[in-house]
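These numbers come from a predicted model, not from an experiment. Numbers here simply count residues along the sequence, with the first being 1.
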Amino acid sequence: MTNRIAFQGEPGAYSHQACHEARPDMEAMPCRTFEDAIEAVRSGEADLAMLPVENSTYGRVADIHSLLPESGLHIIGESFVRVHINLLAQPGTTLDQVETAMSHTVLLGQCRGFLTEHGIHRRVGADTAGSARYVAEVGEPSLAALASELAGEIYGLEVLARHIEDHSRNTTRFLTMSREANHARRGEHGMMTSFVFQVRNIPAALYKAMGGFATNGVNMTKLESYMVGGSFTATQFYADIEGHPEDPAVMRALDELDYFTEKLEILGVYPRDPRRD
């Protein structure tokens with residue numbers, strides 16, 4: 001056991017914050033890409049990986065749903081992180097000195113109101129924590145970063161303005177991945193099951209495949225499609241449902257789904273996070 005949890009990004013990224021909140025007893029291990037974070041777990045360099053899958057404002061994270069089935073890893077938990085965006089600058093800087101804010105393009109778009117109100121120009125950076133690190137290295141009072149408070153602590157920056165995001169409920173959902181599956185647990189707030197499937201090439205296959213969940217009263221919280229291998233005809237679906245595969249209703253629904261599919265793969269069975277409500 002390494003007691004390390006891998007994440008994509010620089011120290012101070014929101015994925016780092018997710019690691020810190022969900023697994024405070026583990027060492028957070030930064031990785032350059034999502035693939036590197038997954039490989040760190042596969043190789044044994046880390047025990048777990050923390051991967052973002054969707055944001056309440058901007059939807060799903062690109063590439064993640066296609067990476068999960070091929071990763072060989074299993075989902076063992078979910079976490080919801082409130083994305084609080086802060087304006088970070090050199091210590092001693094005042095707000096009226098800031099002319100430009102640097103961050104990932106997504107965060108720049110989430111703070112339009114504040115930036116416009118204060119006449120601050122936007123500058124695109126590779127990511128949020130990397131922008132904070134750059135601002136710290138440059139040491140120019142006119143340049144600030146949009147990032148987490150954790151990034152400010154790591155790079156020695158001062159918070160000039162807290163929680164400046166346009167949407168007060170902006171939240172990112174993360175999945176905790178492991179080499180080993182764990183279906184034995186039962187969560188205090190229920191269980192979630194995530195899986196991918198491809199339907200058979202028959203009329204109304206998806207409609208028929210979904211019928212088992214409705215007739216058995218199984219709540220499906222997410223259903224998304226994406227193309228496989230660049231083909232317009234090969235479509236794979238990703239789904240989250242409430243419940244455990246051993247629950248009688250879920251078992252019946254999955255059996256019916258299996259009849260109408262060419263492929264069905266369980267990605268994880270894990271405790272339901274009450275913050276999803």
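- Scanning both residues, Val41 and Asp47, for their nearest heavy atoms gives CG1-O, 3.7 Å.
- Side chains of Asn170 and Asn55: a donor-acceptor N/O pair is present below 3.5 angstrom, by distance only.
- A donor-acceptor pair is defined here as one N or O able to donate and one able to accept, closer than 3.5 Å; such a pair exists between the side chain of Arg185 and the backbone of Ile76.
- Using a 4.5 Å cut-off on side-chain heavy atoms (C-beta onward), Glu242 and Thr221 make contact.
- Between Ser131 and Gly125 the shortest heavy-atom distance is OG-CA, 3.7 Å.
- With rounding to the nearest 0.5 Å, the separation of OG in Ser66 from CZ in Phe34 is 10.5 Å.
- Across all non-hydrogen atoms, the minimal contact from Phe260 to Ala205 is CB-O, 4.3 Å.
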Test side chain to side chain contact (heavy atoms under 4.5 Å, CB included) on Gln110 and His167; report intermediate values, then the result.
CA-CA 7 Å; Gln110 291 177 354; His167 300 287; 5.7 Å; no
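- Contact of the Ile241 side chain with the Phe213 side chain is registered, since non-hydrogen atoms from C-beta on lie closer than 4.5 Å.
- Taking a cutoff of 4.0 Å between a charged side-chain nitrogen and a carboxylate oxygen, Glu21 and Arg82 do not qualify as a salt bridge.
- You'll find the side chain of Ile85 reaches within 4.5 Å of the side chain of Tyr14, heavy atoms only.
- His183 and His244 have perpendicular rings, their planes meeting at more than 60° on a 0 to 90° scale where under 30° would count as parallel.
- Note: the hydrophobic cluster containing Leu267 does not contain Met191 (ILVMFWY, side chain heavy atoms under 4.5 Å, direct or indirect links).
- If you chain together hydrophobic residues whose side chains sit under 4.5 Å apart, Val98 and Tyr155 never meet in one group.
- Here the side chain of Asp166 pairs a donor or acceptor atom with the backbone of Arg112 at under 3.5 angstrom.
- Residues Ile75 and Met177 have side chains in contact (heavy-atom distance under 4.5 Å, counting atoms from C-beta outward).
- Cluster membership for Met102 and Leu107, using ILVMFWY side-chain heavy atoms within less than 4.5 angstrom, is not shared.
- Side chain of Asp36 to main chain of Gln8: no donor-acceptor pair is present (N/O by atom type, distance under 3.5 Å, no hydrogens or angles).
- For NE2 of His163, the number of neighbouring non-hydrogen atoms (other residues, nucleotides, ligands) closer than 6.0 Å is greater than 12.
- A continuous path of ILVMFWY side-chain contacts below 4.5 Å connects Leu206 to Leu257, so both sit in one hydrophobic cluster.
- In terms of modelled atom types and a separation under 3.5 Å, the side chain of Gln90 and the main chain of Val135 share a donor-acceptor contact.
- When side chains are defined from C-beta on, Leu175 does not count as touching Ile64, because their heavy atoms never get closer than 4.5 Å.
- The CG atom of Leu157 sits 9.0 Å away from atom OG1 of Thr93, with the distance rounded to the nearest 0.5 Å.
- Side chain of Ser79 to main chain of Phe174: no donor-acceptor pair is present (N/O by atom type, distance under 3.5 Å, no hydrogens or angles).
- Looking only at distances, no side-chain donor or acceptor of Asp127 sits under 3.5 Å from a matching main-chain atom of His104.
- In the hydrophobic cluster analysis, where Ile, Leu, Val, Met, Phe, Trp and Tyr join through side-chain heavy atoms closer than 4.5 angstrom, Ile120 is grouped together with Leu108.
- Between atom CG of residue Leu150 and atom CD1 of residue Ile154 there is a gap of 4.0 Å, rounded to the nearest 0.5 Å.
- By the 4.5 Å heavy-atom criterion applied to side chains, Ser194 and Glu78 are not counted as neighbours.
- Here the side chains of Val250 and Glu246 are not in contact, with every heavy-atom distance at 4.5 Å or above.
- Formation of a donor-acceptor pair under 3.5 Å by the Arg275 side chain with backbone atoms of Phe80 is found in this model.
- A donor and an acceptor atom, one from each side chain of His84 and Glu165, are located under 3.5 Å apart.
- Between the NE2 atom of His20 and the CD1 atom of Ile5 there is a distance of 12.0 Å, given to the nearest 0.5 Å.
- Residues Arg173 and Asp240 are paired through a salt bridge, judged by an N-O separation under 4.0 Å between the basic side chain and the carboxylate.
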Applying side chain to side chain contact (heavy atoms under 4.5 Å, CB included), run through Leu68 and Leu51 and close with a yes or a no.
CA-CA 10 Å; Leu68 292 181; Leu51 301 177; 4.1 Å; yes
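- Looking at heavy atoms from C-beta onward, Arg123 lies in side-chain contact with Leu143 at the 4.5 angstrom threshold.
- Of all non-hydrogen atoms in Ala40 and Met29, the two that sit nearest each other are CB-CE, 4.0 Å.
- Asp247 contributes atom CG, which lies 7.5 Å from atom OG1 of Thr193 (distance to the nearest 0.5 angstrom).
- A salt bridge links Arg133 with Glu137: the closest approach of a Lys/Arg side-chain nitrogen to an acidic carboxylate oxygen falls below 4.0 angstrom.
- Side chain of Arg252 to backbone of Gly212: no donor-acceptor contact under 3.5 angstrom is found.
- In the model, Gln97 has a side-chain atom that pairs as donor or acceptor with a side-chain atom of Thr94 under 3.5 Å.
- In this structure, Arg200 contributes its side chain and Tyr259 its backbone to a donor-acceptor pair below 3.5 Å.
- In this structure, OH in Tyr238 is found 9.5 Å from CZ in Phe195, a value given to the nearest 0.5 Å.
- Annotation for Pro11 and Ala129: closest pair O-CB, 3.3 Å, computed over non-hydrogen atoms.
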Audit row: Arg276, His189, side chain to side chain contact (heavy atoms under 4.5 Å, CB included) steps and yes/no:
CA-CA 11 Å; Arg276 68 166 40 247; His189 301 280; over 6 Å; no
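- Other residues, nucleotides and ligands contribute more than 12 heavy atoms inside 6.0 Å of the NE2 atom of His118.
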